[in-house]
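Comments concern the structure below.
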Amino acid sequence: MAMMNSENKNKGFGLYLHIPFCKQACHYCDFHFSTSLKKKKELVNALCTELLLRKNELDGIVETIYFGGGTPSLLSSEELQQIFETIYLNFKVSENPEITLEANPDDLSKQQILKFTNSQINRLSIGIQSFFEEDLKLMNRAHKASEALESIKEAKQYFENISIDLIYGIPGMGNERWKRNLEIALSLDVPHLSCYALTVEPKTALKKFIEKGIVPPVDEEAAKQHYEILLSETEKAGLENYEFSNFGKPGFHSRNNTAYWEGKPYLGIGPSAHSYDGKFRSWNIANNTKYIKSIEAGELPSEKELLSKQDKYNEYIMTGLRTKKGVSLGKVESEFGKKYSEYLLKQAENLLKNNLLILENETLKISKKGKFLSDGIAADLFFV
Ligand code: SF4
């Protein structure tokens, strides 16, 4: 169990709830979930018990609540109500919290959206991924292209704060189809987009299909071109690229994710959920049955590690370079010491010369040229 950190007293924190159920397994996914919904009720009870067990772990006010997964839109009205009651009875929640629920298009009929509007949820993050049937089939998504479109139109009638997820770099997706995906999303005037390159994770069906030649391999160059299209189309539409994969209108940037990138504490509830208290990182077991059993016995099924100064520096470099804010040399010096700020400047020399990084107001930022390479650039600046 992560210890309460006195530095976090009176500060805000985020609450993350992992809902580990999905209707079917997407071929590319390596998150923790089960396609059997039999234990959903038991698991929701266990989530509520974990909330009680950990209610004093972080001090301060809950600023954001995020239902992730898995597929949180599979929760019933009663289950949502049970979770919210437990949160509001046991935690101090900010007066204007951001409360996000990840939802899949096939769960967003008018009737189902109403169940979310009757709860405290004020932001929907919809897993569209693509508006094209070919892409959805290749990825084994549970929804149809028509549902992708309809779900957004329906959700917009009840929610102002909507984000949609899209995936680019899908085998067979040319520049034109990707551009069309963006055109559709932008014509629907959603205020926030999260766009990710399709990645081939170990032990996924997608990896096996590529190895067997059933699906063509993912083309890095195509993904790079898609990312360039993404940058120019979103810029034209007035969405700010405030983090590598995230684009939002002013006032609609994700507060939950921003807090995470800024290294603020969060409490992760549910199987596989991670937590961070400013010093320790901890993570729950990624197994629904073992999680429920352990929580029912009053034991937290988690492991933890103390982050070293070097770990924290490397994380700051990684997230800082991915965000518009960049990496502040002053912050590196004040939080990690002169040894780190001098090391950082030395490592950055060549990257600055090659215009992959820029130095502006004592802050290192990724240049346009370096954007698609940001993870590799960050690795060059890591303290090892
Ligand atoms: S719906 Fe989301 S969590 Fe579930 S399998 Fe698909 S990508 Fe993974």
Side-chain angles (χ1 to χ4, degrees), residues 16-40 43-44 47 66-76 79-80 100-109 112-113 116 121 123-152 155 162-171 173 181 185 192-210 215 218 223 245-246 254 256-257 268-274 283-288 291:
Y16 172 84
L17 295 116
H18 191 81
I19 311 299
F21 300 103
C22 293
K23 285 184 193 162
Q24 65 187 51
C26 301
H27 286 162
Y28 57 90
C29 180
D30 72 341
F31 294 140
H32 168 65
F33 65 91
S34 162
T35 50
S36 162
L37 272 61
K38 268 193 288 183
K39 293 206 166 126
K40 188 154 72 87
L43 195 119
V44 170
L47 291 182
Y66 193 98
F67 289 85
T71 311
S73 50
L74 291 173
L75 290 172
S76 67
E79 288 162 344
L80 277 169
T100 307
L101 179 112
E102 287 182 352
N104 277 342
D106 41 315
D107 294 329
L108 290 180
S109 63
Q112 284 178 300
I113 293 172
F116 304 135
I121 293 156
R123 183 172 184 268
L124 281 187
S125 171
I126 310 176
I128 298 291
Q129 318 313 355
S130 174
F131 292 101
F132 288 86
E133 216 58 64
E134 304 91 303
D135 299 331
L136 297 172
K137 276 209 180 105
L138 186 140
M139 296 188 288
N140 201 37
R141 296 288 303 176
H143 65 276
K144 300 209 169 11
S146 56
E147 288 172 311
L149 201 60
E150 282 312 308
S151 66
I152 300 174
I162 292 176
S163 174
I164 67 171
D165 284 3
L166 291 175
I167 296 182
Y168 57 90
I170 299 169
M173 172 193 255
N181 262 325
H192 191 277
L193 276 182
S194 296
C195 300
Y196 304 99
L198 184 69
T199 48
V200 186
E201 303 296 342
K203 294 187 193 154
T204 56
L206 180 64
K207 183 158 175 65
K208 265 187 235 146
F209 293 153
I210 291 175
V215 172
V218 167
S245 306
N246 287 280
S254 162
N256 174 76
N257 293 1
I269 302 290
S272 82
H274 283 227
W283 55 96
N284 283 347
I285 193 166
N287 178 303
N288 290 0
Y291 169 80

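Residue indices begin at 1 and follow the sequence shown. First listed ligand is number 1; within each ligand, the first listed atom is number 1. All values below were derived from every heavy atom in this structure, side-chain atoms included, with hydrogens, water molecules and symmetry-related copies excluded.
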Taken to the nearest 0.5 Å, the spacing of S130 OG from R141 CZ works out to 10.5 Å
- Heavy-atom donor-acceptor pair, H18 side chain to G268 backbone, under 3.5 Å: no
Any side-chain donor-acceptor pair under 3.5 Å between D135 and Q129?
-> no
(message) With a sphere of 6.0 Å drawn around OH of Y196, does it hold more than 12 non-hydrogen atoms of other residues, nucleotides or ligands?
(response) yes
Tested for side chain to side chain donor-acceptor pair (under 3.5 Å) against N288, the lone hit among H32, K38, K40, K39 is H32
Note: ligand 1 atoms sitting under 4.0 Å from heavy atoms of R141 are 1 (S), 6 (Fe), 7 (S)
Relative to the ring of F209, is the ring of H27 parallel (under 30°), tilted (30 to 60°) or perpendicular (over 60°)? perpendicular
Result, protein N, O or S atoms below 2.8 Å from atom 4 (Fe) of ligand 1, excl. waters, equals 1
